[in-house]
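Reading through the structure tokens given below for one structure.
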Amino acid sequence: MTPEASRPPTRGEASSAVAAVRLEGLVKRFGDAGTGAGAGTGAGDTSGSASADTVLAVAGIDLDIADGEFFSMLGPSGSGKTTTLRMIAGFELPTAGRILLHGEDVTDRPPFERDVNTVFQDYALFPHMSVADNVAYGLVVRKVPGPERQARVADALRMVRLEGYDRRRPGQLSGGQRQRVALARALVNRPRVLLLDEPLGALDLKLREEMQIELKAIQQAVGITFVYVTHDQQEALTMSDRLAVFNRGRIEQVGTPADVYERPATRFVAGFVGTSNLLSGETARAIVGGSGTFTVRPEKIRLAEPDSQPAPDEASAMGTIREVVYLGPDTRYIVALDAGGELVVTQQNIATSSMEALSAKGRTVRLTWKRQHNLPVGEE
Amino acid sequence: MSTPTDARAGPGTRPGIARRLAIWLHPRQGLQLRLLLAGPLGWLAIAYLGALAILLLNAFWEKDAFTGRVEPFAWTLNAFRDLFGHEVYRTVAVRTLIMAVLVTLTDALLAFPIAYYMARIATPRVRAMLVIAVLMPLWAAYLVKVYAWRTILQGNGFMEWALSPFGVESPGLDEIANSWLVLSYLWLPYMILPIYAGLERIPNSLLEASADLGAKAGATFRRVILPLVFPAFVAGSIFTFSLTLGDYITPDLVSDAKFIGNVIYDNSSLGNLPLAAAYSLLPIGIMTVYLLIARRLGAFDSL
Amino acid sequence: MGKRSRLAALAAVAIIAAACQSGATPKPTPDLPKEIGAGEGALNLVIWAGYAERGEVYPEFDWVTGFEKDTGCKVATTNMTDSNNGVSLIQSGAYDGISASGDATTRLIAGGYAAPVNTALFKNYANVFAGMKDLKHNTVDGVNYGVPHGRGPNLLAYNSDVITTPPTSWDSVWEDGSMYQGKISIYDSSIYIADAALHLMTKQPDLKITNPYQLNQAQFDAAIALLEKQKANGANYWGSYSDQVSQYASGDVVTGTTWQFQVNLLQAEGAPIAAVLPDEGSTGWSDTWMIAKDAKNPNCMYMWMDHMMSAEANGQATVFFGEAPTSQQACDYAETISPGHCALTNATNEAYYDKIWYWSTPQADCADADAATTCKDQDAWVAAWTALRGG
Amino acid sequence: MVESRAVRIALRVVSVFVMTFLYLPLVILAIYAFNPSRLLVWPPTGFTLGWFAEAANNPAISVAVVNSLIVGALATVLALILGTLAAIAVHRYSFFGRQTISFFLVLPIALPGVVTGIALRTSFVTFGIDFGLFTIVVGHATFCVVIVYNNVVARLRRLPRSPEEASADLGADMWTTFRRITFPGLGTALLSGGLLAFALSFDEIIVTNFTAGAGTQTIPMWILAAIQRPTELPVVNVVALVLVTFSIIPVYLAQRISGGAAAGVSR
């Protein structure tokens, strides 16, 4: 875990009492033929038959995002996070509910009247314009005078380290470069809120990790509120001040990365953020000694000899190693518990060789972990 | 970076009228749609469907046998009685339908090999040249082509000259086969191009996968290529079929046989509008059914 | 709406014209124009092909260019394929006038599509042969609905290389002659049924056909049967005269019914084609220039009608088409470009034209024949022709 | 490559045959244009350029060409506006009856021209509308709209929506977005659709026959009339040759613009 992710999310809340983004009872239903029209894109793409069944993409969301915050919306595809973002941007009109930006109701306002800018998943660069023209677009349509415009475009390109690329066409750039142009194009307008829709989704792993750090650095440098949509829990945990976990059009949990990871509010959050090691029912009663469902993060569990004794503050369970997956720095063991169910255990390969690790398959082991690490999870 | 909102217009400045209209329209999606559709639908309804409706009304109106004057709102079924009373109208309808089917099949048979060659075998250079070569006769005047065939088919024409060594006489300008030949010729590009586009859309990997899975060339053709290119066939057939169904100039110029188009044209130009209107219902009905089937077969996406 | 306002304008013109001519004697038809006003600048005509030449085919035949120069009326023409087509074109309201044959004139008058004309306004009308004036196909109750253009018979054409002896009857077209099987050229119009009836008048007297345009059911059926036989013998149908010209030029046909016009064209190109009027007579036509009821350019049309009766224009036009001129002056002019023209076309030989059955519209009421029976009407003729050609 | 050598050779042979079939009549016409005889008899009897001079000196031809150009341009402009509006509506909005609209838009091109022609003529006569260039334009626009519509819808399907959203997001209202983003994106589709619509209008005879006024002639009308005047056939040959030759220009342009496939598929 990066240090940023564990920092308390007080920055934004301290600087402003009014939320940068406030969502009240937001609902979006697609394929709603009642009004006779509805935009034909987005989560529930309606390119099929016109009067298809309606899809409830966002099922009532209340949320405050503080000024200056790096806020992530995390969830699987179809969970409503992108639709929510598009409603904040103004691309979709909510079926019900209100959207407030810095205290101002913008629910019915078109995108071009909102003080937000968006970085699109596919970058949405204008193919028929040069990089400089792309970046300058927002300034041109707002009639910012020429000299100022040029200076700001140059500034923005410098910030994303693309000086000297201004004459190129988007088609001549790599994926990472396009992503930076999209970022510069949004930032050059100095919006108070920047919306990012899975901006790194199309990049390869290494580039993505670099960009994550860079994005975070830029956000801290400009001090703009970032609302960041991703389905990658690692990314959300790495970058966010706070994050919201979406599932089926609702928010399951809002909190700091540490909160969400270590104290998942629901089974879904426990499963989606990190590996779901769930103990429930009889198994839970036998091992943890309480009723309900508990989760234990794989890296908190220790593999021990079957005859070793657990410490008093430790829970323990007997099991058989069913599968061993060698991951380089770590090894992942899947252990079938004698009490029923399975737990995943990851161990750093500090003193173990791959040969040793792989030969562990089929062995009987004792699993132990500190009792404070088995966390109760709310049922849905 | 300075204050975040400096790019916005200040609260004192009013946006222009166009922009205010845009703002006002934004939440009114239904109104936007109506505004967009008002022009094209109004046009379609007045200039096309309205005209069709007036024509169809004429089918039910009385006509003076001597002067040919149509009496509006004098309702009668005389035109339909005439249509059903004379066998010739049935004969002509059947003949036209058979011709439309024949022309469509002929074009499909001729079009597929060259479309296949263009899409999958020719080098990009040759392909580009072929596409232009196929497009050009499509743009060249329709009448010019029909007329060219007249000069070929008539006595002492090219056909006679080319075939006389084999002891074959010129077909003259009254054979029904002429219509089949010339109509197939005229509409061939309309069949080649959709099939070519359809074949080009099939990724190579699909055919390789089929071969990889053990299908022989024939099986790949039958089970992969044909089903994928079938909507393109149907799209092309809309043109070959409907254009044949309605043409009256070509049959008139190169043969002696009468088709639906001739009967409609003749009756309208000879002063029996109600009969022409009543008979028009036939191609309208046939094409409507054809289009509904074609749409179901996915042809509209290949147009 | 447009029609009404135009009519109102015409009426206004007439009233003003009448007011100006103080002391003029009252006319029975008050809506006749009293003078030809200024040209409107355009003239849209429905014509038989060849009735308005501007020197495109042969430079010496041009009676349109001069007219346009003199009157400022720009002439646009549309060819009719047959009289039925001509009537339909006039009904569209887009035309000022038509060169109508007798089977069209009566229909246009009865349908109210043609306007009466004031022949007093034509300076060339006085010259017209008396026998060409006030004919019953263009004159009703003494009111003229047009002025004559010319007349002629439908002829029997033949390829003189193939048929070396000039034929004297229509038998080669109608009777089973394997010699010309598949090489007969036939006019593609319902009015051609009359030609079959004409043939039956001599061949089957027991049918008692007295007028080939007034056929009762039995007579009609016999005519159609004859046409069916002709079709089975391989008739080639020509709708436009150019169809026929190319048929003869290419050798696809050797004989059949024709107009002098095509024969002239073919002979000019050196084709071995000749034409005769067979002994049993023929159908034919006497054409009338008529003005459309709602003509947009009535003054230009009046000028055109007058022009077409002038010696020069009528002489040229009738020579070009191969028909009889309508005045001695036209005859004299025609002689200068085609010596012997008037004799050849029997311009003044009324006995010759007694053998000609001018085209006229078949009507249910066959007054001339038998009051008790009804005849097949125009619709029946067209339907039968459609059945013959389409079947 | 999946095709065997034999199949490839066979396909090549058939392709050559089909191309010959497509071009033979045009070649023969071109040869006749230089034939001195007025009657079209094969083989030609000599060589002359005289018919070209005759064609050039015929005012009716140039008037007809100008009329065709005017009609084509007006019908194309009308089709571009209406077709684009309809395409955007059908593609960008989901509403009840969307499928029906696209179905009705295809009708004018699928139903026989003779029916369209008579219907329009009857309506013009009924309402006392004077025939002329305007009525021809109306007739042509009915089917030209579909051409543009098809081209634009096909392009819209391929165009991502996000650049327009980005434009709105960056502060451009819908007019600015259309002008700066959507329109350039549709550009080549509009151009090739417009070219094709123009070509169809320029070539149209069946509907024109019914909707033309008495004094108005387009070039196909002139050809149809001239075919019926055997003495003018040599001039028709010249006009035909020139028309076919000039049609290379729009075809080449459309091909360059669309950069491939089916620029001219639909009619």
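Only heavy atoms go into these numbers, but all of them, side chains included; no hydrogens, no water, no symmetry mates. A note on names: the letters A, B, ... follow the listed sequences, proteins ahead of strands, and every chain is numbered from 1.
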**Asked** Between the side chains of D:Thr182 and D:Glu164, is a donor N or O closer than 3.5 angstrom to an acceptor N or O?
**Response**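 There is such a pair (donor and acceptor under 3.5 Å, judged by atom type) between the side chains of D:Thr182 and D:Glu164.
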
**Item:** Under 4.5 Å from any heavy atom of chain D - which part of A:Val119
**Value:**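 The answer is neither part of A:Val119.
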
**Request:** Could you tell me which portion of A:Leu195 (side chain, backbone, both or neither) has an atom closer than 4.5 angstrom to a non-hydrogen atom of chain D?
**Result:**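 Neither part.
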
If you count heavy-atom pairs under 4.5 Å with chain A, which of [options] comes out on top?
{"options": "D:Gly187, D:Ala172, D:Pro160", "value": "D:Ala172"}
{"options": "D:Pro163, D:Gly185, D:Pro184", "value": "D:Pro163"}
{"options": "D:Thr177, D:Thr176, D:Asp173", "value": "D:Asp173"}

**Prompt:** Taking the six-membered ring where the residue is Trp, are the ring centres of A:Phe120 and A:Phe91 under 6.0 Å apart?
**Reply:**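 Between A:Phe120 and A:Phe91, the centre distance is under 6.0 Å.
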
**Prompt:** So is A:Arg180 actually on top of A:Tyr165's ring, under 6.0 Å and inside 45° of the axis?
**Reply:**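 No.
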
**Asked** What's the shortest heavy-atom distance between A:Pro94 and A:Ile99, and which atoms?
**Response**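 Of all heavy-atom pairs spanning A:Pro94 and A:Ile99, the closest is CG-CD1, 4.0 Å.
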
**SB check A:Lys81 A:Glu198 (cutoff 4.0 Å)** =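 Yes, this pair counts.
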
